[in-house]
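Before any comments, here is the structure.
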Protein chains: 2
Amino acid sequence: MHVEEREGIILDLIRKTGFASFRQIDAALDASPATLRRDLARLEQAGAIARVHGGARIAGSEGAKTATYPSLAGVPFLENVNLNRRQKEAIGKRAAQLCRPGESVVIDGGTTTLQMCPHLAGLNLHVVTNSLHVVSALLPQAGTRISIPGGAVFREQNIILNIGPQDMTPSIYAPRVFLGAAFVGPQGVMQADMVLAAAEHQLIERAEWVALLVDSSKFSGPSGSVVCALSELDVIVTDDGISKAAAEMIRDAGVELIIA
Amino acid sequence: MHVEEREGIILDLIRKTGFASFRQIDAALDASPATLRRDLARLEQAGAIARVHGGARIAGSEGAKTATYPSLAGVPFLENVNLNRRQKEAIGKRAAQLCRPGESVVIDGGTTTLQMCPHLAGLNLHVVTNSLHVVSALLPQAGTRISIPGGAVFREQNIILNIGPQDMTPSIYAPRVFLGAAFVGPQGVMQADMVLAAAEHQLIERAEWVALLVDSSKFSGPSGSVVCALSELDVIVTDDGISKAAAEMIRDAGVELIIA
DNA sequence: AGTGCCTTGATTGATTTTGATTGAAACAGC
DNA sequence: GCTGTTTCAATCAAAATCAATCAAGGCACT
């Protein structure tokens, strides 16, 4: 565990709700309190956070004493990359095994689906994505063909979205889709924000097979904009932290459940 | 095992996740730590990576503190970026002045046109581009809208090219085009490679106004695939190294010549 | 073969990071 | 106010990492 890695996780923790107690940070990271305090001191020095007795909060939010809601809207999603990173990596690796060499797949944007990318080298896939992060991650893989839909770039979500009447051109259509999501509940798959929900809807509306990649924390939490119903999915890949109730809900909807 | 081979493996390792610890690198390569440290020092000197205690990460991504956009930093561009850099910067800056606030423009890929990007902040432009590098450069500019055509990503050139029958969707059409080129001669504007030539042809075929950005070295050299005739251009922006003969050729073709 | 140059690997000591300990400071309850 | 508990900061020793130096080996060229 290195300095930057720890600082990234700490920042993610703090940005998640605007505040993180020292105990939370200590529980999340495997390092001595002294080291964590030094990390906090560095981050404070850099102006990224403001320390208070017992924890730290986002710098520049002095006025907002009231609890801020966990909001993904407007927050560049890369900040969540380090959250539950271990699980996301496992899920991404497992999901990559679902790919068949040479086929065409759609990879949605999101921090979990992004973790598939390192494991796709050598499969000679044709990847269709609307995520600039995915494009960036796949560029070094010489054997992977990349196609993207045209449209406007939305910088908060770092996705490309065609908001006109046209949809993805048929020439870059791929039948199998790997989807990410912010929350999953009985109402279906959800995204934190309408733009993302619309983007994902574009991706799956003509799909023949849809896999959802989510870490188990996504099965509880606030809700958002509905992308699709659970029954529209074929597979869900998640980690072993999933509750029995959630697993049952998934099976009841007729969706295959894979624990990475 | 040669130097370049090792450096390539190290770079791949680092690009895989954006960071690689020294132990990982040491485990992956059969060379002494001293040699690997020398490799890292060279790569850092070249600006490809940034070393931190315990490892190294991609240059330009300042940890999780600021890395919010997908960065193409570290993605191989043409070696040309630093070639005639002074001139290219001047040309880019001058060409940016040709933009009118709020308008829609097309910016072609290439090392010269790329130099326009830093000067476009605040103009509230709508930029249409097929270059991933341009997208990357414009992402931090909050006021600049970015649109891209759909299609396949060509990694050598880092451009998006629609090779199907469809062309750029009308909704992201922009009438004024800033073009780059590899070579300019009496036969017209040329690119070193057919893919690039085809991409640029797509860009200008419906343009109402075309500016060509080239440093003066481009007026002599080998030729390539023709993109368009000189007479199809409206403006050429170049540096003061241009020869009298070339300047005359341009004026004879009825094209305005701007020396940056 | 001999020379000079470059790359590599090993050794050493310096620097950085880390975890534990201790005393000071802040907080909560009475 | 006062006291017990928690949190914080400073210090120190151990471990890890880094940089500098030097000798050995490879390669081109004479």
Side-chain angles (χ1 to χ4, degrees), chain A residues 1-68 82 85-86, chain B residues 1-67 74 79:
Chain A
M1 181 76 70
H2 302 88
V3 175
E4 302 218 337
E5 198 175 347
R6 281 201 313 272
E7 290 186 350
I9 295 175
I10 292 174
L11 275 177
D12 283 345
L13 267 174
I14 294 176
R15 284 177 174 148
K16 190 176 183 182
T17 62
F19 176 86
S21 72
F22 187 81
R23 298 189 153 194
Q24 284 179 282
I25 296 172
D26 188 36
L29 294 177
D30 188 26
S32 76
T35 300
L36 297 179
R37 289 186 195 285
R38 275 187 280 253
D39 290 341
L40 289 175
R42 248 195 314 275
L43 289 171
E44 183 180 40
Q45 191 66 28
I49 63 171
R51 297 181 69 183
V52 295
H53 198 90
R57 72 157 189 260
I58 292 177
S61 65
E62 290 85 7
K65 296 241 171 180
T66 56
T68 47
N82 291 316
R85 177 153 201 160
R86 197 72 55 83
Chain B
M1 178 77 70
H2 298 304
V3 175
E4 302 211 340
E5 197 175 348
R6 281 200 313 272
E7 291 187 348
I9 295 176
I10 292 175
L11 276 178
D12 283 346
L13 214 54
I14 294 177
R15 284 182 188 139
K16 202 168 176 180
T17 62
F19 176 88
S21 72
F22 187 81
R23 299 188 152 195
Q24 286 178 279
I25 296 172
D26 187 37
L29 295 180
D30 188 25
S32 77
T35 300
L36 297 179
R37 288 186 196 284
R38 276 186 281 255
D39 290 341
L40 288 176
R42 246 194 316 275
L43 289 171
E44 183 180 40
Q45 192 65 28
I49 64 172
R51 296 181 71 185
V52 296
H53 199 92
R57 63 150 198 261
I58 291 178
S61 70
E62 300 285 301
K65 295 175 203 168
T66 57
E79 302 279 330

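So you know, we letter chains A, B, ... as the sequences are listed, proteins then strands, and number each from 1.
- The nearest whole Å value for the distance from the CD atom in B:E7 to the P atom in C:dT7 is 11 Å.
- The heavy-atom pair separating A:A56 from A:I14 by the smallest distance is CB-CD1, 3.8 Å.
- Between the NE2 atom of A:H53 and the P atom of C:dA26 there is a distance of 9 Å, rounded to whole Å.
- We find that CG of A:L40 is positioned 9 Å from P of D:dA9, with the value rounded to whole Å.
- B:R42 and B:D39 are joined by a salt bridge, as a carboxylate oxygen and a charged side-chain nitrogen come within less than 4.0 angstrom of each other.
- Distance check, rounded to the nearest 0.5 Å: CZ of A:F19 to CD of A:Q24 gives 7.5 Å.
- Here D:dT7 presents its P atom at 13 Å from CZ of A:R51, a figure rounded to the nearest Å.
- Counting heavy atoms from C-beta on, the side chains of A:L36 and A:P33 never come closer than 4.5 Å.
- Closest to the side chain of A:V3, from the set D:dC8, C:dT17, C:dG19, is C:dT17.
- Distance check, rounded to the nearest 0.5 Å: CD of B:Q45 to CG of B:L40 gives 13.0 Å.
- Residue B:S21 holds its OG atom at 12.5 Å from CD of A:E4, rounded to the nearest 0.5 Å.
- Using a 4.0 Å cut-off on heavy atoms, the residues of residues 21-34 of chain B that approach DNA chain C are B:A31, B:S32, B:A34, listed by number.
- Here B:R6 reaches the OP1 or OP2 of C:dT8: one of its side-chain N or O atoms lies under 4.0 Å away.
- For A:L29 against A:R6, the heavy-atom pair with the smallest separation is CD1-O, 4.1 Å.
- To the nearest angstrom, P of D:dA9 lies 7 Å from CZ of A:R37.
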Give me the distances for all protein-to-nucleotides 22-29 of chain D N/O pairs that come in under 3.5 Å?
none

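- The two residues A:H2 and B:G54 make their nearest non-hydrogen contact at NE2-O, 3.7 Å.
- Taking atom CG of residue B:L36 and atom P of nucleotide C:dG9, one finds them 8 Å apart after rounding to whole Å.
- From B:R51, atom CZ reaches atom CZ of B:R37 across 6.5 Å, with rounding to the nearest 0.5 Å.
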